[in-house]
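Below is one structure, written out as structure tokens; comments come after it.
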Amino acid sequence: MPELPEVEVVRLGLERGVVGRTIAAVDVHHPRAVRRHEAGAQDFADLLVGRRVEAARRRGKYLWLPLDSGDAVTGHLGMSGQLLVVPPDKPAETHLRIRLGFADRGRELRFIDQRTFGGLQVVAGGAELPSTIRHIARDPLDPEFDDELFVGRLRAKTTGVKRALLDQTLVSGIGNIYADEVLWRVGLHGGRATEAVTRPKARELLAHAREVLAESLAQGGTSFDALYVSTEGVSGLFAHSLSAYGRAGQPCPRCSTPIRREVFMNRSSASCPRCQPRPRHPR
DNA sequence: ACCCACCCCTGGGCGC
DNA sequence: TGCGCCCAGGGGTGGG
């Protein structure tokens with residue numbers, strides 16, 4: 001469950017569902033899901049049992065739960081990860097990877113991940129900002145996001161605008177869906193050279209990013225299927241509001257020209273040929 | 001110090 | 001039915 005709105009929906013669910021509770025049992029069903037925890041699954045479990053969850057935080061697409069030990073459980077959902085808060089007697093999901101039970105014997109936290117690109121780890125002293133996430137930039141909805149720093153860094157790059165939007169060390173939370181939506185809204189082709197984006201255009205880009213992320217969050221995020229759901233298993237509704245992503249061949253909502261599909265960075269991109277003309281020298 | 005191609009996985013959908 | 005492709009919202013890494 002990938003991009004900012006979807007991950008934020010999960011964070012809100014964790015805030016409601018697990019904060020203030022004490023972890024009593026940890027089952028790691030698949031070692032790959034804790035591969036970033038170098039000391040192994042047993043150490044992962046030992047650091048969690050008996051610990052109280054103090055908060056649920058997010059930086060970009062990363063989540064973490066500060067613990068009363070001062071450590072933090074850090075998680076990334078990758079392409080197909082889910083964090084669900086479910087009754088303990090609910091049958092195990094096919095791709096259940098990690099299970100956290102609580103001392104109150106109430107609903108448990110399950111990490112489910114078909115492709116296991118995601119995973120959890122415990123980071124020592126990571127309550128404030130886990131060391132493994134320090135390289136991730138703030139997201140456009142973060143009150144401390146520095147707009148002019150972003151504008152300057154974007155223009156200092158020598159790459160395409162879409163690549164820059166997907167660079168989590170420049171601005172976080174934006175993935176393939178929202179990059180395409182932002183570019184459609186601002187009327188730029190993703191291959192446009194970053195160094196040629198004017199300051200006003202860069203600010204406009206940022207404003208559109210804020211807008212689309214906030215609109216999607218208000219709709220509970222984008223869900224094409226049951227893979228992308230809240231901790232309660234609820235799907236978001238923003239898929240109905242997408243203008244470009246996943247709409248190849250369908251009319252542009254602004255000018256009715258059929259949306260085009262292109263591949264770069266080994267990923268598909270959807271854009272309007274008329275509203276987002278291809279640059280002469282794409283990046 | 002960049003930037004980019006590649007890799008890590010599983011499963012659904014498609015054409016043959 | 002089955003096989004072989006292609007595709008999917010992620011990030012880290014190693015080489016250029």
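Lettering of chains follows the sequences in order, A, B, ..., and the numbering in each one begins at 1. Basis for what follows: all heavy atoms, side chains included, without hydrogens, waters or symmetry-related copies.
Residue side chain A:Phe117 fails the stacking definition with respect to B:dC9, as its ring centre and the base's six-membered ring centre are not both under 5.5 angstrom apart and under 30 degrees in plane angle.
Both A:Val263 and A:Ile136 sit near DNA chain C, but only A:Val263 has its closest nucleotide nearer the 5' end. The residue among A:Asn266 and A:Asp167 whose nearest nucleotide of DNA chain B lies closer to the 5′ end is A:Asp167.
One finds no side-chain N or O of A:Lys157 lying less than 4.0 angstrom from the OP1 or OP2 phosphate oxygen of B:dC2. OP1 or OP2 of B:dC9 has at least one side-chain nitrogen or oxygen of A:Arg32 nearer than 4.0 Å. Dashed line: the shortest gap from a side-chain N or O of A:Thr159 to OP1 or OP2 of B:dC4 is under 4.0 Å. Contact between the side-chain N/O atoms of A:Arg36 and the OP1/OP2 oxygens of C:dG11 is not found at any separation under 4.0 Å. In this structure, A:His76 does not reach the C:dG10 phosphate: none of its side-chain N or O atoms is under 4.0 Å from OP1 or OP2. The phosphate of B:dC9 has neither OP1 nor OP2 within less than 4.0 Å of any side-chain N or O from A:Ser80. A:Tyr245 has a side-chain polar atom (N or O) that falls below the 4.0 Å cut-off from OP1 or OP2 of C:dG9. When the side-chain nitrogen and oxygen atoms of A:His95 are compared with OP1 and OP2 of B:dG11, one or more of them lie within a distance under 4.0 Å. Between A:Tyr62 and C:dG12, a side-chain N or O to OP1/OP2 separation shorter than 4.0 Å is present.
Checked by atom type, the side-chain pair A:Ser80/A:Asp113 shows a donor-acceptor distance below 3.5 Å. A donor-acceptor contact closer than 3.5 angstrom is absent between the side chains of A:Thr22 and A:Arg52. Using modelled atom types and a 3.5 Å distance limit, the side chains of A:Thr222 and A:Tyr178 yield a donor-acceptor pair.
Atom CZ of A:Arg35 and atom C1' of C:dG11 are 9 Å apart (whole Å). If you take CZ of A:Phe111 and P of B:dC9, they are 14 Å apart, rounded to a whole angstrom. The nearest whole Å value for the distance from the CD1 atom in A:Ile112 to the P atom in C:dG10 is 20 Å. The CD-P distance, from A:Gln82 to C:dG10, rounds to 16 Å in whole Å. A straight line from CZ of A:Arg153 to C1' of B:dC3 spans 14 Å, rounded to a whole angstrom. As a whole-Å value, the separation of A:Asp180 CG from C:dG9 C1' is 11 Å. Summarising the geometry, the separation between CG on A:Leu166 and P on C:dG9 is reported as 10 Å, rounded to the nearest angstrom. Summarising the geometry, the separation between CD1 on A:Ile133 and P on C:dG10 is reported as 17 Å, rounded to the nearest angstrom.
When side chains are defined from C-beta on, A:Arg110 does not count as touching A:Gln82, because their heavy atoms never get closer than 4.5 Å. Put simply, the side chain of A:Ile177 does not reach to within 4.5 Å of the side chain of A:Phe238, judged on heavy atoms.
Closest to the side chain of A:Gln114, out of B:dG11, B:dC6, C:dG9, is B:dG11. The side chain of A:Asp225 approaches C:dG9 more closely than any other nucleotide in the set C:dG10, B:dC3, C:dG9. Checked against C:dA8, B:dC3, C:dG11, the side chain of A:Gln168 finds its nearest nucleotide in C:dG11.
If you check every strand for non-hydrogen atoms under 4.0 Å, A:His135 touches sugar and phosphate atoms only. Base engagement by A:Phe224 is indicated by at least one non-hydrogen atom pair under 4.0 Å involving a base atom. Among the heavy atoms of the strands, none lies under 4.0 Å from A:Arg283.
Figure legend. C:dG9 is base-paired to no nucleotide; pairs are counted as Watson-Crick or G-U wobble with both atom distances under 3.5 Å. Pairing partner, B:dA1: none, since no Watson-Crick or wobble contact has both distances short of 3.5 Å. Under the Watson-Crick and G-U wobble criteria, each requiring two contacts below 3.5 Å, nucleotide B:dC9 is left unpaired.
Spacing between C:dG9 and B:dC3 at atom P, rounded to whole Å, works out to 22 Å. A gap of 16 Å separates the P atoms of C:dG14 and B:dC9, to the nearest Å.
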Review point. How far apart are the C-alpha atoms of A:His208 and A:Trp184, what are their side-chain angles, what is the distance that settles it, and do they pass the side-chain contact (heavy atoms from CB on, under 4.5 Å) test?
Key: CA-CA 10 Å; A:His208 281 295; A:Trp184 180 84; over 6 Å; no
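Residue A:Leu100 is not grouped with residue A:Trp64 when hydrophobic side chains (ILVMFWY) are merged at heavy-atom distances under 4.5 angstrom, including chains of intermediate members.
The base of C:dA8 is not paired with the side chain of A:Arg267 by any donor and acceptor separated by under 3.5 Å.
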